[in-house]
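Here is the naming used below: chain letters follow the sequence lines, and residue numbers restart at 1 for every chain. This one's a predicted model, so the numbers in the text were calculated from it and none came from an experiment. Values below: every heavy atom of this structure, side chains too, minus hydrogens, waters and symmetry copies.
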Amino acid sequence: MKKPFYLTTTLPYVNASPHVGFALEMVQADCLVRYWALQGVDVFFNTGTDEHGQKLFEAAQKADMEVQKYVDQYAEQFRSLKEKLNLSANLHFIRTTDPHHVVAAQEMWKRCLKNGDIEKRVYKGLYCVGDEAFIKESELVDGKCPNHPTMDLIELEEENYFFLLSKYQKKLLEYLSQPGVVVPEWRRKEAINFVESGLEDFSISRVKEKMSWGIPVPDDDMQVMYVWFDALTNYISTLDWPNEEGNFKKYWVDGVTYQMAGKDQVRFQSIMWQGMLMSAGIPTTQHILYHGFITSGGQKMSKSIGNVIDPIAVAEEYGIDALRFFLLRHIHPTEDSDFTIERFKEAYNADLANGLGNLVARVMQLAQTHLTVDLVKEIPSTLQSSILRATVYTDYISSLNNYEFDRALISIWSYIQELDQKITETAPFKVVKTDLEAGQRMIHDLVQGLYMIADMIGPVMPTTSELIKQAVVSNTKPINMFARKE
RNA sequence: CGCGGGGUAGAGCAGGAGUAGCUCGUCAGGCUCAUAACCUGAAGGUCGUAGGUGCAAUUCCUACCCCCGCAACCA
């Protein structure tokens with residue numbers, strides 16, 4: 001019996017529509033979940049939305065809306081990604097405004113408090129009256145607020161609760177000393193460096209009077225939790241924690257735990273969150289996978305440059321599977337990568353239209369013409385075909401086991417090329433005219449290869465995979481799967 | 001001396017001590033089962049710069065140059 005797996009994405013903050021970077025995270029996660037599920041693993045798959053905090057509070061005020069209604073709107077956009085990106089059916093979606101999450105966050109607080117890791121202190125910071133907010137030092141422009149360069153910043157103090165992260169320096173270093181807790185490996189070293197350079201305690205609450213949109217601090221009416229403390233707790237509240245039995249025990253305590261996040265999240269996910277878990281006496285996360293960022297035209301995406309890629313629009317024009325394919329094949333799993341429509345179209349035409357789509361068409365045309373349904377019946381159960389070069393499958397497996405989506409797909413596509421070559425070299429369409437049986441055997445082999453491809457691309461392109469399998473089983477050439485785009 | 005990633009054919013990338021590889025693009029052939037697709041071949045690179053260690057370096061070491069992130073309360 002395989003251990004159950006748990007995998008969560010980060011929860012996006014709902015101050016904007018889903019962007020392509022989150023689509024990447026979601027699709028990577030979904031690919032792993034589907035891959036594991038195919039191997040018979042019981043997987044708990046989590047995502048959701050982070051809905052508290054000052055920025056949302058202000059945004060709602062600007063929009064002249066009730067905060068809850070404001071976040072409801074955005075939450076729905078993220079929830080609908082399940083259909084728009086064709087994510088696994090078992091995906092759990094948690095909102096940090098869900099009542100049971102609120103309870104969990106407060107319980108997390110109490111545990112950390114009880115363990116002596118939360119204490120009240122004076123928070124000193126530079127406060128901009130124009131923004132009515134603290135400005136962090138790295139944001140300063142010539143010592144002034146970037147939004148209000150003519151105004152002087154005032155030093156302001158307020159009482160906040162602090163999480164004593166510094167107490168966990170040693171334990172965090174022990175945690176980070178385990179290979180695999182942070183992927184890629186060089187980011188683990190980065191995290192170790194960061195912890196070794198010293199950890200600061202963090203403010204984890206805000207004065208309610210100034211900003212009420214947050215989870216109330218237990219036993220203190222004057223303060224609400226600062227978002228990150230609240231939001232991080234979702235990873236276990238989604239498992240019904242603080243109920244220690246059931247899903248929490250099954251997946252978090254006894255299972256194999258995975259988180260996915262963007263590269264900017266290392267200190268939140270691998271350091272603060274792990275510190276919180278340690279404080280609360282809960283097992284730490286076993287593997288956290290960090291993807292890179294997506295640029296467009298070599299620059300950060302921004303509305304003013306006009307290089308923003310809307311993943312939903314791409315999916316609508318080219319198909320969900322095409323988007324999923326591009327994100328997994330042409331975006332590096334862990335490094336930054338570039339995404340432009342030009343590159344996307346190039347990959348679409350080369351890999352999907354001319355590659356996979358065309359191969360399906362030529363093989364299934366041969367099959368439909370020269371084979372019968374009876375002849376292909378046994379195909380799904382006989383995947384160990386002689387036509388499959390053994391290394392294709394083993395490369396595919398080992399790549400996915402290392403979260404190297406791009407390599408897994410490269411290996412499948414090299415096989416597609418092999419089949420194209422084989423058709424040209426052995427010319428079954430010719431052989432069939434002089435020796436029907438020999439030709440049929442060749443075509444049968446090709447169909448088997450096609451089925452194998454369908455199997456392997458399942459986690460990446462679920463719909464395409466199904467269409468190919470159906471075509472094989474019904475011995476029918478399907479309509480163009482990926483029409484060329486000019 | 002802050003930390004990390006990277007600089008390889010026109011473009012995008014892989015590789016990693018011992019005839020430099022892939023995709024797209026270009027050029028020339030071939031095939032006709034296929035989505036004007038597919039197959040074969042060719043042109044195109046002194047692998048950022050300068051040193052060093054090797055019988056041998058693009059691959060290791062050192063220095064430097066350039067690009068990109070990060071440098072914590074941004075969710």
Asker: Once you apply a heavy-atom cut-off of 4.0 Å, does A/D201 come out as touching a base, just sugar-phosphate, or nothing?
Answerer: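 The residue A/D201 makes base contact.
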Asker: Please give, in whole Å, the distance from B/C33 P to A/H370 NE2?
Answerer: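 Going from NE2 in A/H370 over to P in B/C33 covers 9 Å.
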Asker: Give me syn or anti for B/G54, where syn covers glycosidic angles within 90 degrees of 0.
Answerer: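 Base orientation: syn.
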Asker: Please list, chain by chain and in numerical order, all residues satisfying side-chain contact (heavy atoms from CB on, under 4.5 Å) with A/N402, sequence neighbours excluded.
Answerer: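 Applying side-chain contact (heavy atoms from CB on, under 4.5 Å) to A/N402 gives A/E404.
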Asker: Decide yes or no on side chain to side chain contact (heavy atoms under 4.5 Å, CB included) for A/Y396 and A/I457, but give the supporting numbers first.
Answerer: CA-CA 10 Å; A/Y396 165 80; A/I457 63 173; over 6 Å; no
Asker: Looking at A/N234, A/T9, A/T8, which hits side chain to side chain donor-acceptor pair (under 3.5 Å) with A/T47?
Answerer: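 The passing option is A/T9.
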Asker: Would you tell me if any nitrogen or oxygen in the side chain of A/Q421 comes within less than 4.0 Å of OP1 or OP2 on B/C38?
Answerer: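 No, because none of the side-chain N or O atoms of A/Q421 sits under 4.0 Å from OP1 or OP2 of B/C38.
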Asker: In whole Å, I'd like the distance from the CD atom of A/E196 to the C1' atom of B/C3.
Answerer: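 Rounded to whole Å, this separation is 12 Å.
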Asker: Taking OP1 and OP2 of B/C24, is either one under 4.0 Å from a side-chain nitrogen or oxygen of A/K345?
Answerer: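 So the side-chain polar atoms of A/K345 never come under 4.0 Å of the phosphate oxygens OP1 or OP2 of B/C24.
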Asker: Without decimals, in angstroms, what is the distance between A/L199 CG and B/C73 P?
Answerer: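 Value for this atom pair: 14 Å.
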Asker: Nearest 0.5 angstrom please: A/F429 CZ to A/L366 CG, how far?
Answerer: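 It is 7.5 Å, given to the nearest 0.5 Å.
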Asker: Within the 4.0 Å heavy-atom criterion, would you say A/Q417 contacts the bases, only the backbone, or no part of the nucleic acid?
Answerer: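 Touches sugar-phosphate only.
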Asker: Pick base, sugar-phosphate or nothing for A/H332, based on heavy-atom distances below 4.0 Å to the nucleic acid.
Answerer: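 The residue A/H332 makes sugar-phosphate contact but no base contact.
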Asker: What is the distance, rounded to the nearest whole Å, between atom CZ of A/F344 and atom P of B/U23?
Answerer: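 Distance check: A/F344 CZ to B/U23 P gives 20 Å.
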Asker: Once you apply a heavy-atom cut-off of 4.0 Å, does A/E425 come out as touching a base, just sugar-phosphate, or nothing?
Answerer: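 Nothing, no nucleic acid heavy atom in range.
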Asker: In whole angstroms, how far is the C1' atom of B/G6 from the CD atom of A/E335?
Answerer: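 Computing the A/E335:CD to B/G6:C1' distance gives 8 Å.
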Asker: Measure the acute angle between the ring planes of A/F325 and A/W413, then classify it against the limits of 30° and 60° as parallel, tilted or perpendicular.
Answerer: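 Geometry flag for A/W413 against A/F325: tilted rings.
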Asker: So what does A/M481 touch, heavy atoms closer than 4.0 Å: a base, only the sugar-phosphate, or nothing?
Answerer: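 Contact class for A/M481: base.
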Asker: With A/F229 as reference, evaluate A/W273, A/Y161, A/W109 under the ring-ring contact (aromatic ring centres under 6.0 Å, His included) test and give the passing residue.
Answerer: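 Only match with A/F229 under ring-ring contact (aromatic ring centres under 6.0 Å, His included): A/W109.
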Asker: Would A/F429 count as stacked on B/C33 if the rule is ring centres under 5.5 Å and plane angle under 30°?
Answerer: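 Yes; by the centre-distance and plane-angle rule, A/F429 counts as stacking on B/C33.
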Asker: Under 4.0 Å between any heavy atoms, over every strand shown, what does A/G439 touch: base, sugar-phosphate, or nothing? Just pick one.
Answerer: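 A/G439: no heavy atom of the nucleic acid under 4.0 Å.
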Asker: If you apply the rule side chain to side chain contact (heavy atoms under 4.5 Å, CB included), what do you find for A/Q440 with A/E437, and how did you get there?
Answerer: CA-CA 5 Å; A/Q440 283 177 324; A/E437 249 181 68; 4.2 Å; yes
Asker: Judged by each residue's nearest nucleotide on RNA chain B, which is more toward the 5′ side, A/L11 or A/A353?
Answerer: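 Comparing both residues, the 5'-ward one is A/A353.
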Asker: Give one of base, sugar-phosphate or nothing for A/N193, where a contact means two heavy atoms less than 4.0 Å apart.
Answerer: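 Counting heavy atoms under 4.0 Å across all strands, the contact made by A/N193 is with sugar-phosphate only.
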Asker: Determine which bases of RNA chain B form Watson-Crick or G-U wobble pairs with both distances under 3.5 Å, and write the result as a 5' to 3' dot-bracket string with | for other-strand partners.
Answerer: .((((((..((((....[..)))).(((((.......))))).....(((((..]....))))))))))).....
Asker: Restricting to side-chain contact (heavy atoms from CB on, under 4.5 Å), what partner residues turn up for A/A16, sequence neighbours left out?
Answerer: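 For A/A16, no residue satisfies side-chain contact (heavy atoms from CB on, under 4.5 Å) once neighbours in sequence are set aside.
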Asker: Using a heavy-atom cut-off of under 4.0 Å over every strand shown, decide if A/R187 touches base, sugar-phosphate, or nothing.
Answerer: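 Nothing: the residue A/R187, judged by heavy atoms under 4.0 Å, touches no strand.
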Asker: May I have the distance from A/Q54 (atom CD) to B/C73 (atom C1'), rounded to whole angstrom?
Answerer: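 Taking CD of A/Q54 and C1' of B/C73, I get 12 Å after rounding.
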Asker: Tell me: CD1 of A/I294 to C1' of B/C13, nearest whole Å?
Answerer: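 Roughly 16 Å, once rounded to whole Å.
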Asker: Judged by each residue's nearest nucleotide on RNA chain B, which is more toward the 5′ side, A/W228 or A/F194?
Answerer: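 Nearest nucleotide further toward 5': that of A/F194.
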Asker: Any heavy-atom pair between the side chains of A/L328 and A/Q28 that's under 4.5 Å?
Answerer: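 A side-chain contact under 4.5 Å exists here.
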Asker: Base, sugar-phosphate, or nothing: which does A/Y226 touch, judged by heavy atoms less than 4.0 Å apart?
Answerer: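 Sugar-phosphate, backbone atoms only, no base.
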Asker: For A/G357, which contact category applies under a 4.0 Å heavy-atom criterion: base, sugar-phosphate, or nothing?
Answerer: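 Touches a base.
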Asker: Just checking A/R267: base, sugar-phosphate only, or nothing, at a heavy-atom cut-off of under 4.0 Å?
Answerer: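 Sugar-phosphate, no base atom in range.
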